[in-house]
Protein chains: 2
Amino acid sequence: MAKRAAERADLLPILAELFREYGFEAASLALIGERTGLGKGSLYHFFPGGKEEMANAVLDEIDGWFEREVFKPLREEADPQRAVGGMLTAVDAYFRSGRRVCLVGALALAETRSRFAERIRTYFADWNVALTGALQRAGHGAVAAAALSEEILALIQGGLVLARALDDPAVFERLLAGLRVRLGQLLPTS
Amino acid sequence: MAKRAAERADLLPILAELFREYGFEAASLALIGERTGLGKGSLYHFFPGGKEEMANAVLDEIDGWFEREVFKPLREEADPQRAVGGMLTAVDAYFRSGRRVCLVGALALAETRSRFAERIRTYFADWNVALTGALQRAGHGAVAAAALSEEILALIQGGLVLARALDDPAVFERLLAGLRVRLGQLLPTS
DNA sequence: TCCTATCTTTACCAATTGGTACAAACACAG
DNA sequence: CTGTGTTTGTACCAATTGGTAAAGATAGGA
């Protein structure tokens, strides 16, 4: 049973990359079987609910990661400037400096949105609330903090879209760097 | 033949909404037939290349619209401030204030990216070049203009992702309004 | 009226889809 | 070695996919 849990958990990163790369619909069972090296039998053994359960398991893991590495620090870190800076670092690492796409954002635009709508909503809503709080503690007024938070999230998501569209991850990096400057993490260079 | 051209053109908006709503893969021929009221025979009569030709025709139309209504004004309008402000107005109208998704951006994230990669690239590259030029003429240095242009495009795309994810078009509107303020189209309100 | 080009309907196709059933292989505790 | 529960391979399923073929309808000009 230790083995079972371990192996199911090992599957999640592979499934996540598959969904990121192909989307939910286009990641067929044939493709999943090929990339995981597992037959349908095993796949349905670990995920009796089929693809939908796979996607939900992946989203669970993503939720967990962001809660642990991003949202919670934003809420609890004493120094809010550090908290926001840390968020940018974590995000940069997670999205591999623009080479990786945000699965939640992609699902939001894609055909299958309705199937995961509520999860998608809370993911961004939680992020937005946590970030707004940190910005307020950093001295911004309530309205300004909320506006800035939305702007930061949009820049991150839009940066991923642009980096993918232009096939140039550097776009994402430049946007993050610009954000650091604007948020006072660095001094403007010129 | 006048009839033929007219009817094929009339199909494009329907196809565009279909692709926006469901994505390329999930917009099945059955669905397309249902929404257009046309059988497969007619569809393949107008688009012998099948779905791919439909998508390319839609992308042609989008390219044309943006070239005419956005890129060209950005390049040619005498007053660059006005040009950028006009762009924001056009974009707001086109995306129905955040209720409509950017098909090109969605394709960039989706499974079918590779099939339209070059078109997606040039769409954003053209936009970026035109906007950078206008910003330079508005007084920004070359580097600053390029950075600001990328930031504006990312905000628009990210705003559409967020609006869709949060199921709240107002997010997009707020981001556009914020942009107007930052670009000096309006005075800050507080 | 007849002819021709445009358009549509219908039936069909092989391939693939997600999902199920179930027997065989496996590991491992007793 | 035996028995038990977990894991896998194989064969199968109905439904749907994008796409084709070709007969039939519909028009417009001569």
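Because the structure is a prediction, the values reported are computed rather than measured. So that the names make sense, note that chain A is the first sequence line, chain B the second, and so on, each numbered from 1.
Side-chain heavy atoms closer than 4.5 Å link hydrophobic residues (I, L, V, M, F, W, Y) into clusters, and following such links, possibly through other members, connects B:Val104 to B:Met87.
Atom C1' of nucleotide C:dG19 and atom CD of A:Glu53 are separated by 14 Å, given to the nearest angstrom. D:dT7 atom C1' lies 9 Å from atom CG of A:Leu38, rounded to whole Å. Rounded to whole Å, the distance from OH on A:Tyr44 to P on C:dA21 is 12 Å. Separating the NE2 atom of A:His45 from the P atom of D:dG9 is a distance of 13 Å, rounded to the nearest angstrom. Atom CG in A:Leu43 sits roughly 16 Å away from atom C1' in C:dA21 (whole-Å rounding). Counting to the nearest Å, the C1' atom of D:dG18 and the CZ atom of B:Arg115 are 10 Å from each other. Atom CD in B:Glu7 sits about 12 Å away from atom C1' in D:dT26, given to the nearest Å. In this structure, A:Phe47 atom CZ and D:dT8 atom C1' are separated by 15 Å, rounded to whole Å.
Comparing A:Glu25 and B:Gly41 against DNA chain C, the residue whose closest nucleotide sits nearer the 5' end is B:Gly41.
Put simply, the side chain of A:Lys40 and the base of C:dG19 share a donor and an acceptor less than 3.5 Å apart.
You'll find that the side chain of A:Leu29 is closest to C:dG19, out of C:dG19, D:dT8, C:dT8. Which of D:dT17, D:dT8, C:dG18 sits closest to the side chain of B:Ser28 comes down to D:dT17. Checking C:dT17, C:dG18, C:dT8 against every side-chain atom of A:Lys51, the shortest atom distance belongs to C:dG18.
Residues B:Lys40 and B:Glu34 are not paired through a salt bridge, judged by the lack of any N-O separation under 4.0 Å between the basic side chain and the carboxylate.
Between the side chains of A:Arg180 and A:Thr89, at least one donor N or O lies within less than 3.5 Å of an accepting N or O.
Stacking of B:Arg100 on the aromatic ring of B:Tyr94 is recorded, both the 6.0 Å distance cut-off and the 45° axial limit being met.
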